[in-house]
Amino acid sequence: MNIAVKAKKKKQRKPQQMLTGVMLLFFFSAYMLLFIKEPKLETFLMAALVPAALWAVGNVLPRLFPMDRLLLTLINFLCALGVFLQYRYSPARGMTQAFNYGVGLVAMIGCALVVRHIRSWKYLMLPMMAVACGMMALPFVFRAANAGKGATAWVGFGSMTMQPSELVKIIYIIVLSYYLSRRRVMGAMCFIGVMMGFLVLQRDLGTAAIYGGTGLVLLYAATSSALLIGGILAAGVGAVAVLYALFKNSFFLTVQNRINNWLDPFSTYDQLGGGYQIVQSLIAMANGGWWGTGIGNGNAAVIPEFRTDFIFAALMNEFGFVFAVLVIVVYVLIVLRAADIALRSPSAFHTLLALGCAAVLAVQTFIIVGGITKFIPMTGVTMPFLSYGGTSIVSCMGIMGLLQGVASRNEHLLREDQRLADNGGEETA
Amino acid sequence: MEKNAYQLLSMGARYWFVLLAALVVWRAGMYLLREHYRRRKILKKLPDAGMVGELRDMQNNRAYPLAREGVLGGGRGCDIRLRGLKRRHVNFAFVEGRGLLLTPCHSRSEIQLDGMNLGKGGYALHGAVLHVGGYTLRVRLFAGLNVPHPAAFQDHWQRAYEDELYAPETAAFTAVPVGYAPYPEMVYENEAADVAQPYEEYEEEAPADAYRQVATMVHATERYEPNQRAAEYAPQMYQPVYNAPVPEDEEDDEPQAFAGGVYGQGDEVDNRQEEQAYLPVQPRYERRRRSDRRRQG
């Protein structure tokens with residue numbers, strides 16, 4: 001084989017393959033480093049299995065189901081990073097997280113196929129809304145013990161706990177997209193109001209902020225009315241102020257504590273429900289510095305909830321600020337890709353659906369990263385794909401499944417346009 | 001490994017992980033851009049991508065590209081904007097296998113599809129005529145789309161021209177009820193199939209059940225069930241065309257305008273435009289590259 005042919009062959013390598021290759025190298029090195037620290041067969045197997053699983057998901061899955069490869073690869077990277085972070089502190093939890101990721105993949109495929117193949121959503125709307133309301137009411141009936149500090153958003157069935165508001169996000173995006181694409185703004189606003197009401201009653205203000213933010217983004221995208229958005233924001237602020245004044249010492253005590261902790265975490269450092277978490281998170285991040293302490297050298301385990309809400313602080317502690325910024329850039333790339341998919345979609349419903357997915361991801365990431373870095377008050381939401389928890393990862397993967405469905409539909413329509421042009425298109429000079 | 005040695009190794013590996021993460025971001029960014037440009041290149045070659053045809057104003061022959069989904073109205077946010085209409089007048093959406101679904105945005109909007117009130121909505125096929133406000137628009141769909149096409153009636157139109165009985169706006173498309181696309185495309189694929197011509201058997205007046213027979217014959221194949229609904233509606237649809245009362249004093253006069261078309265004595269009517277309107281539209285396709293054009297000079 002001569003050099004020219006070799007060069008040509010090299011050029012033909014797909015960019016996605018290069019991306020996957022770098023990812024495989026990353027996780028292989030990371031697990032091997034852990035293996036060097038503590039030589040365990042389990043860790044060695046993880047060093048082989050995680051890259052193999054990533055390769056299989058990135059290359060085999062898109063051949064079986066129509067999917068956006070870039071999106072899938074980036075999601076894989078974040079999920080595998082989440083599994084690694086859990087594994088580094090507790091191998092058992094790492095395994096559980098890997099299992100959750102597998103369930104999430106199934107949810108993603110399911111959601112993608114639903115979006116790809118359902119043509120009429122009209123008759124699904126009322127049942128979906130009923131299911132959403134029913135699920136949001138579940139925590140009032142089957143409240144989980146010792147789950148979700150300050151919020152009653154968790155449901156317990158025996159030893160298993162779940163957060164219904166995470167799963168309802170998927171239905172929420174679909175319903176809002178449908179109503180807004182049909183220009184039924186009042187219907188959409190009523191649904192937003194009902195969902196927000198449930199979340200406020202559960203005192204789960206972090207999730208309420210995600211729902212509210214996503215609703216506002218979709219409302220603005222559908223109506224282009226700044227007046228409407230301004231009015232809703234003003235009404236929302238007014239309602240919160242009134243509720244706060246009325247239930248300051250009972251209902252909104254948690255909120256008040258969190259605002260106090262945000263304003264001055266060091267003053268409430270030693271109090272119950274005080275600023276201990278935030279202070280420890282700030283110390284861990286500062287300890288990490290620009291480049292981190294190195295894998296296995298960190299001390300992020302001192303932060304309470306470091307596996308779920310404060311996983312980003314643990315990441316910054318061991319991998320450093322530069323790496324954390326790169327991880328945020330990965331989130332930004334996912335959101336950009338989602339926006340690209342939304343803009344390419346020829347139908348209003350699918351455009352809003354993709355935009356809703358992007359908005360949920362962006363708002364959730366902003367809220368948790370902002371909370372950890374003391375940019376905004378800390379609220380108990382999970383970091384998408386990274387945090388430990390089955391509900392969170394299944395919900396995030398489901399949302400990405402919606403996005404994958406829209407992307408594959410766009411590809412199908414583009415191929416259809418090419419077919420029309422190839423079969424009988426008028427040639428233009 | 002010793003703790004200090006591991007610490008040293010781990011601290012050295014930090015840069016390796018940052019480098020790999022930066023590579024991931026770099027490759028992903030490049031991939032994103034490459035995909036964006038690839039799509040832009042494809043779309044440049046396909047100026048009609050995302051479109052399913054056009055709406056042609058029959059009064060001034062102006063064409064409006066028809067997207068897969070959108071709104072027709074007078075508002076600025078409408079996909080097809082026509083002055084004088086309500087802000088949002090009709091929603092349209094292309095449905096595979098059915099046609100262009102038209103649904104009025106307001107219950108009071110007076111919209112006619114092929115001469116019939118649109119009601120809550122209906123499917124327009126290629127060649128259908130839409131009366132919206134003061135506009136008369138013809139729906140022209142791209143060839144190759146998966147829609148039922150009224151091919152069995154094409155010959156019928158030609159004969160109708162010859163018989164000078166042709167009322168383009170209310171002819172073949174109204175043989176089926178509005179909002180209903182009953183004919184599977186495959187029925188007409190066999191050109192040799194014996195499709196009955198509705199005008200062969202009578203010359204002056206159509207019997208009430210003439211189209212019942214026609215509809216039954218069209219679907220009298222083993223593969224497809226006879227379309228009862230179409231058969232039921234067909235005679236009623238055609239009745240106004242045949243039984244349109246002709247005023248006594250104008251019996252031998254010039255052709256009369258009727259719902260946007262012409263019927264009666266049609267010797268002087270130029271049918272070329274009408275015939276052309278029924279031909280399927282072809283999506284444009286940029287086959288030549290810029291470099292090719294340069295080479296050609």
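- Interface remark: of the candidates B:His36, B:Met30, B:Arg88, B:Arg88 forms the most heavy-atom pairs closer than 4.5 Å to chain A.
- Contact of the A:Gln418 side chain with the B:Leu46 side chain is registered, since non-hydrogen atoms from C-beta on lie closer than 4.5 Å.
- If you tally non-hydrogen atom pairs under 4.5 Å between each of A:Leu70, A:Ile36, A:Val322 and chain B, the highest count goes to A:Leu70.
- Between chain B and the residues A:Leu33, A:Thr293, A:Thr73, the largest count of heavy-atom pairs under 4.5 Å involves A:Leu33.
- Residue-environment remark: CZ (A:Phe321) stays at or below the threshold of 12 foreign heavy atoms within 6.0 Å.
- In terms of heavy-atom pairs under 4.5 Å with chain B, the best-connected choice from A:Met23, A:Glu38, A:Arg344 is A:Arg344.
- In the displayed structure, A:Trp121 atom CH2 is contacted under 6.0 Å by more than 12 heavy atoms of other residues, nucleotides or ligands.
- Heavy atoms of other residues, nucleotides or ligands lying less than 6.0 angstrom from CZ of A:Phe28 number 12 at most.
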Donor-acceptor contacts, no H, no angles, side chain residues 9-24 of chain B, under 3.5 Å, sequence neighbours left out:
| unit_1 | atom_1 | unit_2 | atom_2 | d |
| --- | --- | --- | --- | --- |
| B:Ser10 | OG | A:Ile295 | N | 3.0 |
| B:Ser10 | OG | A:Ile295 | O | 2.8 |
| B:Ser10 | OG | A:Asn297 | ND2 | 3.2 |
| B:Arg14 | NE | B:Met11 | O | 2.9 |
| B:Arg14 | NH1 | A:Gly292 | O | 2.4 |
| B:Trp16 | NE1 | A:Ser29 | OG | 3.1 |

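- Across B:Gln7, B:Lys3, B:Arg27, the residue that shares the most heavy-atom pairs under 4.5 angstrom with chain A is B:Arg27.
- Only the side chain of A:Phe77 comes within contact range of chain B, with heavy atoms under 4.5 Å apart.
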Next item on the list: Apply side chain to side chain contact (heavy atoms under 4.5 Å, CB included) to A:Glu411 and B:Arg39, showing your working.
Entry: CA-CA 10 Å; A:Glu411 279 301 313; B:Arg39 182 166 285 271; 2.3 Å; yes

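- Between A:Ser347 and B:Glu69, the shortest heavy-atom contact is CB-OE1, 3.0 Å.
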Notebook entry, point to check: Given the rule in the salt bridge (Lys or Arg N to Asp or Glu O under 4.0 Å) test, do A:Asp417 and B:Arg68 qualify, once you have shown the distances and angles that lead to the verdict?
Noted result: CA-CA 11 Å; A:Asp417 284 329; B:Arg68 283 186 182 271; 3.7 Å; yes

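- A 4.5 Å side-chain heavy-atom check between B:Tyr31 and A:Arg69 finds at least one atom pair inside the cut-off.
- Using a 4.5 Å cut-off between heavy atoms, A:Thr20 does not touch chain B at all.
- At a 4.5 Å heavy-atom cutoff, the contact between B:Met51 and chain A is made by backbone atoms alone.
- For B:Arg38, the CZ atom counts as densely surrounded, since its 6.0 Å shell holds more than 12 non-hydrogen atoms of other residues, nucleotides or ligands.
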Note to self: Set out, in order, the CA-CA distance, both residues' side-chain angles and the distance that settles side chain to side chain contact (heavy atoms under 4.5 Å, CB included) for A:Arg337 and B:Glu35, then state yes or no.
What the structure shows: CA-CA 10 Å; A:Arg337 185 67 168 174; B:Glu35 282 279 297; 3.3 Å; yes

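- Interface summary for chain B: among A:Gly320, A:Gly294, A:Gly21, the most heavy-atom pairs under 4.5 angstrom belong to A:Gly294.
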